[in-house]
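Step one of this worksheet: look at the structure below.
Note on naming: letters A, B, ... go to the chains in the order of the sequence lines (proteins, then strands), and numbering restarts at 1 for each one. Fair warning: this is a prediction, and the values are worked out from it, not measured in the lab.
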There are 2 protein chains.
Amino acid sequence: MAYSLDKIDLQLLEILQKDSNQTTKRIAEQLGMTTSPVFERIKKLEKEGYIKKYVAVLDNKKIGLKLTVFIGIALQGHTRSYLEKFVKEINNFPEIVECHRVSGNFDYLLKLVVEDIEAYETFIISKLTLLPYLGNVQSLITLSTGKETNEIDLSRI
Amino acid sequence: MAYSLDKIDLQLLEILQKDSNQTTKRIAEQLGMTTSPVFERIKKLEKEGYIKKYVAVLDNKKIGLKLTVFIGIALQGHTRSYLEKFVKEINNFPEIVECHRVSGNFDYLLKLVVEDIEAYETFIISKLTLLPYLGNVQSLITLSTGKETNEIDLSRI
DNA sequence: AATGAAAATTTAGAACT
DNA sequence: AGTTCTAAATTTTCATT
């Protein structure tokens, strides 16, 4: 690792994970410091790659994307070249927000965000089932979501 | 809905989803507009709740959290009060980043981010299995991740 | 590494088309 | 809704400790 994080860095990451739109001054106040060192630490965390990017978090439901579905997929063939092709195809579907290769009862776990059940069905019929070598496919349709965040608890590090 | 999004609003959301740390001026340039109306539109999108917040996206692996696990859980009891209690307990575990109530072969799907397999095992033994009424529990351990984003493709709206 | 201050840039809003 | 202009605030750099 290029350099290790001290306590202040971790606090900074916690703050920025929760809300990245605060002024450096306000962040510095929370840490009991002045702006300059805070500013420099943030730049360092960005440069070293601890912070990958800053993004706006949207309200999917409000935008009209009301349905989240998880899809477990087992494949019938496991050649390396086929797996790579599968991932590539999957990544190009705009409905897919996550694609994980997993161990367990499935080979892949997908997370899908779509308008509604109809859009989900359309995805299954006109996109997913066209892929070759599909084995067992199991969907978990989200009814409600208790927690959904990127925020990592850093107090345990 | 309080007001509907026009094409420019959707473009704005696309831009801010990818990178929220740009100056209004630079965003305005991408849209071929001046800063003021862009600034006002952003404030409106925030106020109306289309933009929930702005956050820093961290590199979990670099921070030492190398393992993502999905856990499907079926419960043996389904009384309303128990479900509520279960969700509440789950949400308090810092390892859990997502908790969805689902239909299908499980009642809940959890997403867990931890240091390594040991931390995962500790979670299962000393936290999860202490909850009452657990039925079938199935873990999918992530081997690699092809795609993982919050970013919603808005071109289809 | 942190402080304090100066310079450069951006934000936020008023006046106007 | 959009443009231009401007004061206030913030970001960013840097000499100093």
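Side-chain atoms of B/M33 lie closest to D/dT3 of the nucleotides D/dT3, C/dA2, C/dG13. With distances taken from any side-chain atom of B/K43 to the nucleotides C/dA12, C/dA2, D/dT10, the minimum falls on C/dA12.
For the pair B/R26 and C/dT10, the criterion of a side-chain N or O lying under 4.0 Å from OP1 or OP2 is not met. Taking only side-chain nitrogens and oxygens, A/R41 never comes nearer than 4.0 Å to OP1 or OP2 of C/dA1. Contact between the side-chain N/O atoms of A/T34 and the OP1/OP2 oxygens of C/dT3 is found at a separation under 4.0 Å.
For A/Q17 (side chain) and B/L58 (main-chain N/O), no donor-acceptor pair under 3.5 Å exists by modelled atom type. Side-chain N or O atoms of A/Y82 include one that pairs as donor or acceptor with a backbone N or O of A/P132 at under 3.5 Å.
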Exercise. Take A/R80 and A/E84, measure what salt bridge (charged side-chain N to carboxylate O under 4.0 Å, His left out) needs, and give me the verdict at the end.
Key: CA-CA 6 Å; A/R80 187 190 172 84; A/E84 281 168 5; 3.2 Å; yes
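Whole-Å rounding puts the B/F39 CZ to D/dC5 C1' distance at 15 Å. Following rounding to the nearest Å, A/L31 (CG) and C/dT3 (P) show an atom-to-atom distance of 11 Å. Atom NZ of A/K25 is separated from atom C1' of C/dA2 by 18 Å (rounded to the nearest Å). Atom CD in B/E46 sits roughly 13 Å away from atom C1' in C/dA12 (whole-Å rounding). Across the protein-nucleic acid pair, B/I27 atom CD1 and C/dT10 atom P stand 12 Å apart, rounded to whole Å. Rounded to an integer number of Å, the gap from A/K44 NZ to C/dA2 C1' is 13 Å. Atom CD of A/Q22 and atom P of D/dT11 are 11 Å apart (whole Å). For A/I42 and C/dA1, the CD1 to P distance is 16 Å, given to the nearest whole Å.
The pair A/R26-A/E29 does not count as a salt bridge, with every side-chain nitrogen at least 4.0 angstrom from each carboxylate oxygen. Ion pairing between B/D19 and A/K53 fails under the 4.0 Å rule for side-chain N and carboxylate O.
Nearest-nucleotide positions on DNA chain D place A/T24 closer to the 5' end than the other of A/E40 and A/T24. When the nearest nucleotides of DNA chain D are assigned to B/I8 and B/T35 by heavy-atom distance, the more 5′-ward of the two goes with B/I8.
Residue contacts shown for A/S36 include a base, since a base heavy atom lies under 4.0 Å away.
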